[in-house]
Structures are given as structure tokens and as C-alpha cells.
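Below: the structure, in C-alpha cells.
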Amino acid sequence: MLSMSNVSPSPGTPMAASPLTRACLEIDEYAAGLGWDKPARLFALVDTARLKKQEPRLASQLGLDKDDAGKTSLTPIEQDTVPSGTPLDKFLGTIAWPDAVVGCALTVERLMLPPSAEASVPEGLNDKQLAKWVAGHPERQEVRLTVAVLRDGSRESAVRLREKDSSTEVLTGGGLVPGLAEALAATFA
């Protein structure tokens with residue numbers, strides 16, 4: 001069962017941005033409104049015009065029957081909760097999208113190190129040991145990653161640092177989180 005979520009455009013979302021960038025930033029803003037220390041969230045991206053035509057009742061329920069000025073042409077629809085305790089790569093490997101879904105997005109919180117600290121990572125650590133080492137590192141940064149991909153291969157990411165938790169401080173770019181983008185793109189294979 002789908003858990004529907006109408007993600008409103010962020011006031012700071014640039015109008016000149018691509019529909020995928022706008023959708024990614026809207027999802028980031030939605031996640032920011034929920035606060036930190038939240039589980040991963042998965043979204044289907046559907047073409048808004050197609051949704052309004054084929055599912056007018058659902059479009060109305062999502063508030064898409066109102067004036068579309070300034071809204072993205074992609075509508076994010078939040079999916080059921082990502083199961084906790086299941087590795088993200090294994091979970092994503094179980095997903096298959098229907099044809100009506102033109103893309104997908106995921107928002108997840110992680111710890112990251114600056115490139116200068118990556119050179120000091122001890123060799124031979126397993127995933128659990130590495131996670132513990134990163135968590136204890138003084139230069140670690142808590143981040144929220146929002147990554148969106150389309151069936152056509154387009155990609156976008158939004159990265160928000162917890163210490164700079166402001167919509168004006170969100171970094172965007174298609175190549176910021178390549179591994180997660182690849183995993184999401186594989187859900188369309």
C-alpha cells in the first residue's frame with residue numbers, strides 16, 4: 001500500500017532548475033521538515049500531467065488539481081517505510097517499478113568524512129568496523145542525502161549537512177552520490 005505524500009515546492013527552489021532537480025529539492029525540504037534521526041524514505045516519481053489525466057481523484061487528493069504555476073512536472077509519492085535492519089543495497093535489489101513510475105528518489109542520513117580524512121582510514125576493516133571508526137572520527141559530518149534518478153538515466157542529488165541545516169545551504173549535483181544513484185537506477189533494470 002502506498003503512503004501518499006504531497007511534497008510542496010520549496011520556496012528556495014530555483015525555477016530554472018530541471019524538473020528532476022526541483023523534485024529532489026522538494027523531497028529534501030520535506031525530509032528536513034520531519035527533522036533528523038529518521039529512517040530512509042523512498043519515493044516514486046511520476047509525471048504530474050499523466051497522473052492528473054489518468055488518476056484525477058488521486059491527483060486531487062494530492063492537491064495537484066490546483067494551479068500548477070511554479071510546481072514541478074514530477075510528483076514524488078512516498079512509498080511504504082524502508083525496512084529497518086535490512087541493508088539498503090539488498091532492499092533496493094527487491095524493487096521493481098511499474099511503467100507509470102518515471103523515476104525514483106531516496107533520502108537517507110549518513111556519516112561522511114571529508115576527503116582529507118579518507119586517507120587515514122585503517123586498512124582491513126569490515127563494514128561494521130568501518131562504520132564504528134567513522135562514527136568516532138572527530139571530522140565526521142552528519143548528512144542527509146537525497147538522490148533521484150529517472151528511467152532515462154538522469155540523476156540528481158541534494159546533500160544537507162546537519163550543522164548547516166538550511167535550505168540555502170543544500171548542495172546539489174548529479175554526481176555527488178554516484179553509488180546510491182547507481183543502486184536506484186538498477187531498480188529500473
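What you see below is based on every heavy atom in this structure, not just the backbone, and it leaves out hydrogens, waters and symmetry mates.
A pairwise comparison of heavy atoms in Ala105 and Ile27 identifies CB-CD1, 3.6 Å as the closest pair. Between Pro56 and Gln54 the shortest heavy-atom distance is CD-C, 3.5 Å. Pairing each heavy atom of Val149 with each of Ala185, the nearest pair is CG2-N, 3.8 Å. Between Leu45 and Ala148, the closest heavy-atom pair is CD1-CB, 4.2 Å. In this structure, Gly175 and Pro178 approach most closely via the heavy-atom pair O-CD, 3.5 Å. Residues Asp47 and Val102 come closest through the heavy atom pair N-CG2, 4.0 Å.
Applying the salt bridge (Lys or Arg N to Asp or Glu O under 4.0 Å) test to pairs two or more places apart or on separate chains, none has a residue in residues 90-100.
Within the 4.5 Å cutoff, no side-chain heavy atoms of Val170 are placed close to those of Thr146. Counting heavy atoms from C-beta outward, Arg110 and Leu145 have side chains that approach closer than 4.5 Å.
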Side-chain donor-acceptor contacts of residues 129-139 below 3.5 Å, not counting sequence neighbours, with atom names and distances?
| from | atom 1 | to | atom 2 | distance (Å) |
| --- | --- | --- | --- | --- |
| Gln129 | OE1 | Asn126 | N | 2.9 |
| His137 | ND1 | Glu139 | N | 2.9 |

*Step by step, would you call Val82 with Arg41 a side chain to side chain contact (heavy atoms under 4.5 Å, CB included)?*
CA-CA 6 Å; Val82 175; Arg41 295 180 178 284; 5.9 Å; no
*Passes side chain to side chain contact (heavy atoms under 4.5 Å, CB included), Gln79 versus Ile77? Steps please.*
CA-CA 6 Å; Gln79 304 300 290; Ile77 301 175; 4.0 Å; yes
*Let me see the working for Leu74 and Leu20 under side chain to side chain contact (heavy atoms under 4.5 Å, CB included), right down to the final yes or no.*
CA-CA 7 Å; Leu74 295 171; Leu20 185 59; 4.3 Å; yes
*Test side chain to side chain contact (heavy atoms under 4.5 Å, CB included) on Val108 and Leu180 and set out the steps.*
CA-CA 10 Å; Val108 63; Leu180 188 50; 4.0 Å; yes
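Interatomic distance, CD of Glu142 versus CZ of Arg144, reported as 10.5 Å (0.5 Å rounding). To the nearest 0.5 angstrom, Thr48 atom OG1 is 14.5 Å from Lys53 atom NZ.
Partners of Glu109 by side chain to side chain donor-acceptor pair (under 3.5 Å), not counting sequence neighbours: none found. Every residue two or more places apart in sequence or in another chain was checked for a salt bridge (charged side-chain N to carboxylate O under 4.0 Å, His left out) with Arg140, and none qualifies. By the side chain to side chain donor-acceptor pair (under 3.5 Å) test, Thr94 is found to be paired with no residue, residues two or more places apart in sequence or in another chain being considered. With sequence neighbours excluded, the residues that form a side chain to side chain donor-acceptor pair (under 3.5 Å) with Arg155 are Glu182.
Both Val177 and Phe91 sit in one connected hydrophobic cluster of ILVMFWY residues. Membership requires side-chain heavy atoms under 4.5 Å apart, directly or through other members. Hydrophobic clustering keeps Trp36 apart from Leu111 (ILVMFWY residues linked when any side-chain heavy atoms are closer than 4.5 Å, directly or through intermediates). Clustering ILVMFWY residues whenever any of their side-chain heavy atoms sit less than 4.5 angstrom apart, transitively, puts Ile95 in the very cluster that holds Val147.
Between Arg22 and Glu29, no side-chain nitrogen of the basic residue sits less than 4.0 Å from a carboxylate oxygen of the acidic one, so the salt-bridge criterion is not met.
Between Phe43 and Tyr30, the ring planes are perpendicular. Angles over 60° get that label, and only those under 30° would be called parallel.
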